[in-house]
Amino acid sequence: MIQVQPGRHAGLIKSDEEIEQMRVAGHELARVRERLSEMVHPGVSTWDLDRVARESIERIGAVPAFLGYHGYPATICSSINEEVVHGIPSKNRILADGDLISIDVGLVLGGFFSDTALTLPVGRVAPEVEHLIAVTRRALDVGIEAARAGRRLGDVSSAIQEYVEGENLSVVREYTGHGIGRQMHEEPKIPNFGEAGKGLRLRPGMVLALEPMVNLGVWNTEVMPDGWTVVTADRKPSAHFEHTISLTRDGVEILTE
Ligand code: MF3
Ligand code: CO
Ligand code: CO
């Protein structure tokens with residue numbers, strides 16, 4: 001008798017119908033991300049960004065994914081300079097020339113989550129900050145290129161780590177990418193460091209949020225007294241890019257594009 005193995009990858013593998021719904025959610029989220037990107041200029045507050053994010057998400061009949069998540073109080077995470085992730089929008093945080101800002105935004109549409117982030121310079125930034133942003137953006141592409149059915153999770157993790165460290169920057173260890181679907185954070189965890197050839201075998205139908213977080217100085221982080229804002233231990237700048245992707249038989253599809 002042939003023994004089927006139900007549930008072995010339950011939830012990890014999405015059906016074509018589920019992926020179609022996640023494609024719709026991802027495309028809508030990408031539009032929200034683009035709208036927020038256009039707002040990034042000196043003088044704009046992170047509160048303004050958050051308000052527009054919430055309005056845009058609600059207008060399309062979707063729900064902000066972060067609002068209320070473990071008590072998180074906003075629609076986006078806005079992380080400036082030494083802030084790595086989970087910065088809370090505030091009327092008092094006004095973008096200034098020379099800052100860099102990471103915007104992370106997520107929504108739920110038709111029962112499925114989508115999650116994306118990017119980092120932008122505000123006005124003119126130092127050359128080392130431009131390099132940090134460019135390498136982090138490229139690190140996401142490197143991860144996406146390594147994410148192929150048949151390969152392993154460690155191939156993705158190590159590709160990102162080797163590229164970033166080859167550029168003399170460091171990858172954050174305490175926070176990872178993740179599977180995504182009917183929950184924002186599903187198995188597997190996807191570290192941005194690791195060993196090639198190790199870990200879970202990747203399969204068609206997996207939907208993953210890849211999200212390299214890259215620091216100019218040391219990789220170590222701390223959490224601020226607000227309980228959310230993650231900062232670099234040496235207070236040097238950090239960048240973050242994230243896409244929700246699905247693995248197909250012969251490649252990947254970036255859902256948040
Ligand atoms: N979007 C984050 C991630 O990429 C999670 C944010 S949770 C929040 O996984 F509560 F901080 F918003
Ligand atoms: Co995110
Ligand atoms: Co994520």
Side-chain angles (χ1 to χ4, degrees), residues 12 14 22 25-34 36-37 46-47 49-51 53-54 56-57 62-80 83-90 93 101-109 112-120 136-137 139-140 143-144 147 153 156-157 160 171-193 206-215 221-231 238-247 252 254-257:
L12 253 77
K14 273 79 181 173
M22 294 194 76
H27 288 178
E28 292 297 340
L29 180 60
R31 293 161 67 105
V32 175
R33 184 191 61 225
E34 293 318 302
L36 299 176
S37 301
T46 54
W47 185 269
L49 294 169
D50 195 74
R51 186 177 37 78
R54 184 167 183 173
S56 312
I57 289 170
V63 175
F66 307 167
L67 192 63
Y69 181 82
H70 293 278
Y72 186 75
T75 296
I76 65 168
C77 297
S78 50
S79 309
I80 297 173
E83 297 172 354
V84 180
V85 287
H86 305 166
I88 301 172
S90 160
R93 289 308 296 274
I101 178 173
S102 303
I103 300 172
D104 192 339
V105 60
L107 56 72
V108 196
L109 187 60
F112 287 93
F113 284 76
S114 196
D115 191 5
T116 190
L118 88 173
T119 301
L120 292 168
T136 312
R137 183 192 297 114
L140 176 55
I144 291 170
L153 215 47
V156 177
S157 301
I160 292 171
V171 290
V172 169
R173 309 287 174 113
E174 293 104 327
Y175 304 88
T176 69
H178 49 94
I180 182 167
R182 291 189 183 276
Q183 310 284 325
M184 178 158 59
H185 294 143
E186 298 185 351
E187 290 301 312
K189 281 194 167 59
I190 310 172
N192 295 300
F193 63 98
M206 286 183 174
V207 182
L208 308 172
L210 301 190
E211 48 179 315
M213 289 150 269
V214 175
N215 296 350
T221 65
E222 295 169 11
V223 178
M224 295 300 279
D226 65 16
W228 282 105
T229 311
V230 177
V231 297
S238 183
H240 178 209
F241 282 83
E242 176 175 26
H243 270 311
T244 298
I245 67 170
S246 72
L247 305 190
V252 303
I254 301 175
L255 300 179
T256 43
E257 213 165 44

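As the structure lists them, so they are numbered: ligands from 1, and atoms in each ligand from 1. We use all heavy atoms of the structure for the numbers below, so side chains are in, but hydrogens, waters and symmetry mates are not.
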Candidate list F66, F113, Y69, test ring pair (Phe, Tyr, Trp, His ring centres under 6.0 Å), partner H185, passing option:
Y69
As an exercise, identify every atom of ligand 1 less than 4.0 angstrom from a heavy atom of [X].
X	answer
C77	11 (F), 12 (F)
E242	4 (O)
H185	3 (C), 5 (C), 9 (O)
H178	3 (C), 4 (O), 9 (O)
D104	1 (N), 2 (C), 3 (C), 4 (O)

With sequence neighbours excluded, residues passing side-chain contact (heavy atoms from CB on, under 4.5 Å) with A25:
L107, L109, S114
Between N215 and S238, which heavy-atom pair has the shortest distance, and what is it?
OD1-OG, 2.7 Å
Flag, side chain of [X] to backbone of [Y], donor-acceptor distance under 3.5 Å:
X	Y	value
H243	T256	yes
D104	A117	no
T46	S90	yes

Considering heavy atoms of the protein only, find what lies nearest to [atom] and give residue, atom and distance to 0.1 Å.
atom	result
atom 8 (C) of ligand 1	Y72 CG, 3.8 Å
atom 7 (S) of ligand 1	Y69 CD2, 3.7 Å
atom 3 (C) of ligand 1	D115 OD2, 3.3 Å

What N/O/S atom of [X] is the closest to the Co ion (ligand 3)?
X	result
E242	OE2
D115	OD2
E211	OE2

Closer than 2.8 Å to the Co ion (ligand 3), do we get an N, O or S atom from H178, backbone or side chain?
yes
Side chain to side chain contact (heavy atoms under 4.5 Å, CB included) evaluation trace for T116 with T244
CA-CA 6 Å; T116 190; T244 298; 5.7 Å; no
Distance alone, cut at 3.5 Å: any donor-acceptor contact between the side chains of H240 and Y175?
no
Under 4.0 Å from ligand 1, counting heavy atoms only, is it the side chain of E211, its backbone, both or neither?
side chain
4.0 Å heavy-atom contact, W228 with ligand 1
yes
Considering residues, nucleotides and ligands other than R31, do more than 12 of their heavy atoms fall under 6.0 Å from its CZ?
no
